[in-house]
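In what follows, chains carry the letters A, B, and so on, assigned in the order in which the sequence lines appear, proteins first and then strands, with residues in each chain numbered from 1.
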2 protein chains.
Amino acid sequence: MTSTDAPTGAPRARVERAALELFASRGFDAVTADEVADAAGISRRTFFRYYPTKADAVWGDFAAHVARLEQLLRAAAPGRPVLATICSAYAEVNDYGAADLPVLRQRMRLILTEPALQAHSQLRYAEIDRVVAEHVARSTGEDPAGLLPRLVAASTRAAATTAFATWLADERSDLGRELHRAFDELAAGFPSLGG
Amino acid sequence: MTSTDAPTGAPRARVERAALELFASRGFDAVTADEVADAAGISRRTFFRYYPTKADAVWGDFAAHVARLEQLLRAAAPGRPVLATICSAYAEVNDYGAADLPVLRQRMRLILTEPALQAHSQLRYAEIDRVVAEHVARSTGEDPAGLLPRLVAASTRAAATTAFATWLADERSDLGRELHRAFDELAAGFPSLGG
DNA sequence: AGGCTAGTGGCACCGAGTGCCACCGAGCAA
DNA sequence: TTGCTCGGTGGCACTCGGTGCCACTAGCCT
């Protein structure tokens, strides 16, 4: 992802790389938007035209991410268990090639550890939750705003972010495997808790 | 909660009421910190000494909230199922008298609908997650940073916020009942999903 | 009285975002 | 070539959240 050469794709990628690098080395709050803009060779004003927020520079083309997730969910086999479908969709959307993994790690480390980005992430997650809740609603015939669709969306997202966290903590782990471990626990009502 | 008369408790409560009222009527972003301070009869500078952030004025004494949750979890019967303990703790911490319910509704509506507050809430939730994860770690003998404690903390919090959302959507619903509905689904692996 | 302390307010500053306008370059018509 | 529009850019000034600093006041103690 984020490596498409759409019209004016190149400068955006430059900004994103500069931002990630600066934030990772000096901390999100300690880097001003001016510095990111300078490092990317554009003006501060243009930076805020590319990304509505300093935080948004960390998330690549997130709208495409969500769109892809939605596509996967819509294309899923109708008979398949809902949680399995959601797990596969999460796994596939986050299936990066080995070359892109370092950037993903850098990005996720920032999002999960920097308070400002942690806060901002809730707004991005809400878009994901909407898409997942709609899928659950389609699968069960319930209202997307009802308890079950919302709950499944929120819990699966919780599983996904938890998987990301444990994946980050272990340099050698595999993201897909962590996702499955988390979803398996969730789907079975946390059997590892015992009683 | 938040109705204790601790030293200098009164002015803080005035600020909180003014903030809640203004934010609810005109929207969080449309109200400046100056306006809240004026409405509460204090200076802007003092406002930011009471609350480190405009958003924090919406959450009452949240630290006490978390402390109470932690106490309940520590005092729980050791043999009891972990999820049941967590559900009870959430329910008890959020068990308000009828007189305080309107304020709670106002507060939660703001937190769940205003984007800026939605983002900020993630930082508060992280404190809750820490406490819950530690409880799970104590109960299972695992590392609090491991997958299971983190996952249970994140999923139960997801259940709680979902319960809040459905509670908000129905004027006549009972928060405790919504919490139990959500936790029951979660603990049983979402039986309502069917297969 | 003098002195200490806690709480307050005012002031100046930084940084994120935004609206506005001026500029520049590519295309296109005459 | 000249003149035109037009999308992308940069500069500028402004609002607002948040912070550091200092001066002031009210108690309170001896």
Side-chain angles (χ1 to χ4, degrees), chain A residues 4-16 18-20 22-59 61-62 110-111 114-124, chain B residues 4-16 18-59 61-63 110-111 114-124:
Chain A
T4 57
D5 288 344
T8 53
R12 284 192 127 81
R14 227 173 43 230
V15 175
E16 200 185 316
L20 236 43
L22 283 172
F23 294 158
S25 65
R26 290 171 37 206
F28 181 78
D29 292 323
V31 178
T32 69
D34 284 88
E35 293 175 306
V36 178
D38 283 356
I42 59 173
S43 78
R44 167 189 155 84
R45 192 63 187 84
T46 301
F47 172 81
F48 280 115
R49 268 195 273 265
Y50 282 1
Y51 302 101
T53 288
K54 207 177 76 166
D56 284 298
V58 174
W59 304 73
D61 186 355
F62 186 72
L110 284 169
I111 291 173
E114 290 280 351
L117 292 174
Q118 213 177 322
H120 177 85
S121 70
Q122 187 76 358
L123 302 177
R124 297 283 87 88
Chain B
T4 58
D5 288 344
T8 53
R12 285 191 127 81
R14 228 174 40 231
V15 175
E16 200 184 315
L20 236 44
E21 216 50 59
L22 284 172
F23 294 159
S25 65
R26 289 171 38 206
F28 181 78
D29 292 324
V31 178
T32 69
D34 285 87
E35 294 175 305
V36 178
D38 284 356
I42 59 173
S43 79
R44 167 190 155 84
R45 193 60 187 86
T46 300
F47 171 81
F48 280 116
R49 267 195 272 266
Y50 282 1
Y51 301 101
T53 287
K54 207 177 77 166
D56 283 299
V58 175
W59 304 73
D61 186 354
F62 186 72
L110 284 169
I111 291 174
E114 290 279 351
L117 292 174
Q118 213 177 322
H120 177 84
S121 70
Q122 187 76 359
L123 302 177
R124 297 283 87 87

Rounded off to whole Å, could you give me the [atom1]-to-[atom2] distance for the [X] and [N] pair?
X	N	atom1	atom2	result
Asp29(A)	dT19(D)	CG	P	11 Å
Lys54(B)	dT15(D)	NZ	P	16 Å
Asp56(A)	dA16(C)	CG	C1'	13 Å
His120(A)	dA16(C)	NE2	P	14 Å
Leu22(B)	dC16(D)	CG	C1'	16 Å
Tyr51(A)	dT9(D)	OH	P	12 Å

Is Glu35(B) close to Arg26(B) at the side-chain level, that is, under 4.5 Å between some pair of heavy atoms?
yes
Give every donor-acceptor pair under 3.5 Å between a side-chain atom in residues 37-44 of chain B and any protein atom, sequence neighbours left out.
residue	atom	partner	partner atom	Å
Ser43(B)	OG	Arg45(B)	N	3.3
Ser43(B)	OG	Thr46(B)	N	3.1
Ser43(B)	OG	Thr46(B)	OG1	3.2

DNA chain C-proximal residues of residues 34-47 of chain A, any heavy atom under 4.0 Å:
Arg44(A), Arg45(A)
Thr53(A) side chain near dG17(C) phosphate (N/O to OP1/OP2, under 4.0 Å)
yes
Taking only side-chain nitrogens and oxygens of Tyr50(A), does any of them come within less than 4.0 Å of OP1 or OP2 of dG8(D)?
no
Report yes or no: is there a donor-acceptor pair, N or O only, under 3.5 Å between the side chain of Arg49(A) and the base of dG17(C)?
no
Is the shortest side-chain N to carboxylate O distance from Arg12(A) to Asp61(A) below 4.0 Å?
no
Which atom pair, heavy atoms only, marks the closest approach of Phe48(A) to Lys54(A)?
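Scanning both residues, the minimum pair turns out to be CE2-N, 4.1 Å.
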Do the rings of Phe47(B) and Tyr51(B) sit parallel, tilted or perpendicular, given the 30° and 60° boundaries?
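Correct class here is tilted.
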Any donor-acceptor pair under 3.5 Å linking the side chain of Glu16(B) with the backbone of Ala57(B)?
no
